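For reference, the structure discussed in these notes is given below.
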Amino acid sequence: MVTVSGILTTILNESDLPSATVEVALCGYGSQVPRLNGQALAARVTDGNVVVNNVGYFQFQVVPNDDIEPAGTYYTVTIKDDNGDIVQVNAYIFDSGTGTYDLNTIDPYDPNQPPPPLAPALADWFVVVPFSANPMFDLSQGLAFKYTLTGDSIGHIENGVPGNLYTFFIVQDSVGGHNFTWPEACHNATPINMDIFGVTIQTFVCDAIQELWAIGAGTYYL
Amino acid sequence: MRRMLQLAAAQAMILDASQGETFDISFRTSITSIAIKNLIAGQLYCFILRQDATGKHALNWGNNFLNAMMLDPNPNSVTVQCFIGVPGQVLMAITPGTWTEEGS
């Protein structure tokens with residue numbers, strides 16, 4: 001958590017705010033709910049209004065924006081006068097590295113900016129590898145690889161990322177019966193389906209020396 | 001992308017899932033107590049479990065690991081077991097694990 005404080009009379013350049021209140025809200029782009037460690041965060045950060053003492057000092061704590069997924073969230077701090085009318089709304093980004101913020105000394109964030117880029121679509125991680133007698137599966141290019149057999153071939157892999165899961169879709173063509181030798185670094189793989197148009201799906205986990213270990217038995221589809 | 005932690009087995013282990021999603025554990029001793037914290041529901045977690053040249057080390061899966069298979073006791077064997085995190089800080093196996101002798 002980061003601690004945020006301020007003095008209303010300084011922020012507003014107003015000497016007389018006897019009953020002003022402060023509200024804090026969490027905002028984000030798009031339809032995704034902001035999350036912390038997978039748990040959804042409420043848009044309304046403060047439970048009721050932030051307490052403002054008789055000299056206009058207030059303080060609250062929030063989750064740092066850089067800990068929140070997806071990227072691009074920010075907070076709004078709304079100040080209302082004693083009639084409940086909004087006299088100021090500003091946006092801020094609070095990072096975990098700073099720890100404490102004094103709103104009297106920092107500039108607001110302008111939320112009118114292009115939203116951050118979206119995470120790559122899953123389809124971007126699906127790679128179709130063309131047939132060859134010795135196909136190379138470049139694991140830096142995707143997490144799932146489709147490979148259609150039109151003849152016999154021996155697979156090879158490179159650029160595995162330790163800890164990643166990789167899934168292979170090995171497909172027979174309209175003739176079927178083609179042999180596929182799993183890459184030497186792939187351990188415990190299921191023998192492939194030899195049927196016409198048969199599909200074999202096998203998932204591996206990559207270790208530190210770029211060996212792939214099957215995480216379970218492969219499956220067949222027709 | 002996923003992160004991997006390489007760890008040495010100890011009698012009692014508490015894994016931190018906020019540090020990685022794949023755990024590669026080398027066994028030179030048995031694990032009698034293992035737990036995991038900071039799980040994210042819906043995330044997949046994989047365990048690569050390696051026996052040393054002696055083998056026969058055991059793993060007593062803790063209460064928050066459900067349906068996990070036994071560790072292959074053969075020397076130099078590698079057992080792989082994957083789970084999905086579910087609410088309540090519990091891991092459920094998504095498939096029977098695999099095992100093989102290293103280098104095969």
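Bear in mind the structure is a predicted one, so any value in this text is a computation, not a measurement. Note on naming: letters A, B, ... go to the chains in the order of the sequence lines (proteins, then strands), and numbering restarts at 1 for each one.
- Neither the backbone nor the side chain of B:Leu5 comes within contact range of chain A; no heavy atom of the residue lies under 4.5 Å from a heavy atom of that chain.
- In this structure, CD1 on B:Ile40 lies 7.0 Å from CD on A:Glu69, to the nearest 0.5 angstrom.
- Heavy-atom neighbours of B:Asn67 CG from other residues, nucleotides or ligands within 6.0 Å: at or below the threshold of 12.
- Residue-environment remark: CE (A:Met1) exceeds the threshold of 12 foreign heavy atoms within 6.0 Å.
- Residue B:Arg3 places its CZ atom among more than 12 non-hydrogen atoms of other residues, nucleotides or ligands, all under 6.0 Å distant.
- Rounded to the nearest 0.5 Å, atoms SG (B:Cys46) and CG (A:Leu165) are 4.5 Å apart.
- Counting heavy atoms from C-beta outward, A:Ile215 and B:Ile94 have side chains that approach closer than 4.5 Å.
- Only the side chain of B:Gln6 comes within contact range of chain A, judged by heavy atoms closer than 4.5 Å.
- Applying the side-chain hydrogen bond (donor to acceptor under 3.5 Å, both in side chains) test to pairs two or more places apart or on separate chains, those with a residue in residues 162-171 of chain A are A:Asn164-A:Tyr166, A:Thr167-A:Thr203.
- Counting only heavy atoms from C-beta outward, the side chains of A:Val205 and B:Ile48 approach each other to under 4.5 Å.
- Taken from CG in A:Asn37 to CD in B:Gln43, the straight-line distance is 11.5 Å, to the nearest 0.5 Å.
- Checked by atom type and distance alone, the side chain of B:Asp24 never pairs as donor or acceptor with a backbone atom of A:Asp207 at under 3.5 Å.
- The environment of A:Gln39 atom CD is sparse: at most 12 non-hydrogen atoms of other residues, nucleotides or ligands sit within 6.0 angstrom.
- Considering OG1 of B:Thr79 and CH2 of A:Trp213, their distance stands at 9.5 Å, rounded to 0.5 Å.
- Other residues, nucleotides and ligands contribute at most 12 non-hydrogen atoms within 6.0 Å of the CE atom of B:Met70.
- The number of heavy-atom neighbours closer than 6.0 Å to CD1 of B:Ile14, taken from other residues, nucleotides and ligands shown, is 12 or below.
- B:Thr98 places a side-chain N or O within 3.5 Å of a backbone atom of A:Ala214 that can act as its donor or acceptor partner.
- The local environment of CG in B:Asn63 is sparse, with at most 12 non-hydrogen atoms from other residues, nucleotides or ligands closer than 6.0 Å.
- The distance from the SG atom of A:Cys206 to the CZ atom of B:Arg2 is 11.0 Å, given to the nearest 0.5 Å.
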